[in-house]
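Report on the structure given below.
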Amino acid sequence: MPEDRLPLSFYSAYDTRTLAQKLLGCELVHESEDGVTSGIIVETEAYLQDDPACHAAFNRRTARTEPMFGVAGTVYVYLIYGMYQCFNVVSNAQGVGEAVLVRALQPTTGMGLMELRRQLRPGKIPTLSTANIAMKELCRGPGKLVRAMGIERETHNGTLLSEGNLYIRAASFTPSDIIAGPRIGINVGGEFPYRYYIKDNIFVSKG
DNA sequence: CGTACGATTCCC
DNA sequence: GGAATCGTACGG
């Protein structure tokens with residue numbers, strides 16, 4: 001199978017909300033030392049520069065948000081609730097500060113490795129009750145998919161999807177129906193329907 | 001320097 | 001329903 005990695009030009013070819021929809025059906029890939037994991041992106045959210053829910057809203061440049069002001073196709077990974085991380089694709093022109101949050105994947109490669117990574121949660125000893133994670137739960141949520149894919153802020157934050165071992169493949173199909181609705185877990189900006197997901201796809205998070 | 005909190009997940 | 005857990009943001 002050809003790598004078919006999306007070029008950097010793909011990420012700047014659309015406005016952020018359009019990109020969030022164009023990413024649906026594309027495949028996120030991580031070629032790690034432990035093995036390859038990948039999954040079809042089935043759920044995303046857009047975060048815009050005039051959007052109160054966006055970390056970089058209103059040109060707020062800090063050490064954390066700096067990657068969001070990089071070129072489209074930059075990776076933005078941040079720590080949330082002290083124990084989980086979220087993976088974003090930086091969008092729009094350099095200096096704008098917008099991104100697309102990836103919220104769920106349909107696993108395609110390395111499900112065994114995904115399950116192992118999910119079991120190895122910090123402070124958690126795997127038990128029989130956690131020994132088997134359903135395939136549809138492996139990447140069902142932004143924190144879950146980051147852990148299953150082995151994505152880490154230390155190594156991937158600020159990298160480019162056009163180079164390195166974390167990248168996105170072009171979609172091999174066009175999603176038939178895309179649903180838009182309110183974003184999940186935010187306290188402001190709830191009036192904007194910037195969450196997008198593939199209709200009837202069982203790997204989409206419940207929110 | 002102190003502290004409140006978050007684009008979440010899991011357990012009671 | 002509530003805890004876990006810590007870097008970040010912001011005020012003093």
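As a basis for the values below, the full set of heavy atoms in this structure was taken, side chains included, without hydrogen atoms, waters or symmetry mates. All values derive from a computational prediction rather than experimental measurement. Chain identifiers are assigned alphabetically (A, B, ...) following the order of the sequence lines, protein sequences preceding nucleic acid strands; residue numbering begins at 1 within each chain.
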- Quick one: hydrophobic cluster around A:Tyr167, which other residues, with the 4.5 Å side-chain cut-off, linked directly or via members? A:Val29, A:Val36

- Query: A:Lys144 NZ to B:dC10 P: how many Å, rounded?
  - Reply: 5 Å

- Begin from the C-alpha positions of A:Ser32 and A:Arg117 and carry the test side-chain hydrogen bond (donor to acceptor under 3.5 Å, both in side chains) through to its verdict. CA-CA 12 Å; A:Ser32 77; A:Arg117 286 168 171 159; 2.9 Å; yes

- Separation of C:dG2 C1' from A:Met83 CE (nearest whole Å): 13 Å

- Task: Could you check whether A:Arg64 gets within reach of a base, just the sugar-phosphate, or nothing at all, counting any heavy atom under 4.0 Å?
- Result: sugar-phosphate

- Polar side-chain atom of A:Arg140 near backbone of A:Ala104 as donor-acceptor pair, under 3.5 Å: no

- In whole angstrom, what separates A:Ile80's CD1 from B:dA4's P? 18 Å

- Mind checking A:Gly143 for me? I need base, sugar-phosphate or nothing, with any heavy atom below 4.0 Å counting as a touch. sugar-phosphate

- Ignoring hydrogens and geometry, is there a side-chain-to-backbone donor-acceptor pair from A:Glu98 to A:Gln49 under 3.5 Å? yes

- Query: Cluster question for you: counting only ILVMFWY and a side-chain heavy-atom cut-off of under 4.5 Å, with indirect links fine, are A:Val77 and A:Tyr47 together?
  - Reply: no

- Query: A:Leu79 CG to B:dA7 P: how many Å, rounded?
  - Reply: 11 Å

- Query: Given C:dG7, B:dT8, B:dA7, which nucleotide is nearest the side-chain atoms of A:Tyr81?
  - Reply: B:dT8

- Item | Spacing of A:Tyr84 atom OH relative to B:dC5 atom C1', expressed in whole Å | 17 Å

- Item | Chi angles and distances behind the side-chain contact (heavy atoms from CB on, under 4.5 Å) call for A:Glu163, A:Leu8 | CA-CA 9 Å; A:Glu163 37 191 88; A:Leu8 214 55; over 6 Å; no

- Thinking salt bridges, do A:Asp51 and A:Arg183 make one under a 4.0 Å N-O criterion? yes

- Query: Which part of the nucleic acid, if any, lies within contact of A:Ile186, taking any heavy atom under 4.0 Å across all strands shown: a base, the sugar-phosphate backbone alone, or nothing?
  - Reply: sugar-phosphate

- Message: What is the distance, to the nearest angstrom, from the CZ atom on A:Arg153 to the P atom on C:dG7?
- Response: 7 Å

- Output yes when at least one side-chain N/O atom of A:Arg61 is less than 4.0 Å from OP1 or OP2 of C:dA9, else no. no

- Item | Watson-Crick or G-U stems involving DNA chain B, each at least 3 pairs long, distances under 3.5 Å, ordered by first number | B:1-6 with C:6-11, B:8-11 with C:1-4

- Length of the line joining A:Asn88:CG and B:dT8:C1', which is rounded to integer Å: 14 Å

- Taken to the nearest whole Å, CD/A:Gln119 to P/B:dC10 is 12 Å

- Would you indicate what A:Asn187 reaches in the nucleic acid, counting non-hydrogen atoms under 4.0 angstrom: base, sugar-phosphate, or nothing? sugar-phosphate

- Message: Regarding A:Arg61 and A:Glu66, does a basic nitrogen lie under 4.0 Å from an acidic carboxylate oxygen?
- Response: yes

- Over all atoms of both residues, closest heavy-atom pair of A:Asn88 and A:Tyr78: ND2-CE2, 3.5 Å

- Task: Verify side-chain contact (heavy atoms from CB on, under 4.5 Å) between A:Tyr194 and A:Glu45, making sure each step is shown before the conclusion.
- Result: CA-CA 6 Å; A:Tyr194 296 162; A:Glu45 287 180 357; 5.7 Å; no

Nucleotides 10-12 of chain C: which of its N/O atoms have a protein N/O under 3.5 Å away?
residue	atom	partner	partner atom	Å
C:dC10	OP1	A:Arg60	NH1	2.5

- Query: Stacking check: are the rings of A:Tyr47 and B:dA7 less than 5.5 Å apart at their centres and under 30 degrees in tilt?
  - Reply: yes

- Query: Roughly how far apart, to the nearest Å, are B:dG2 and C:dT5 at atom P?
  - Reply: 22 Å

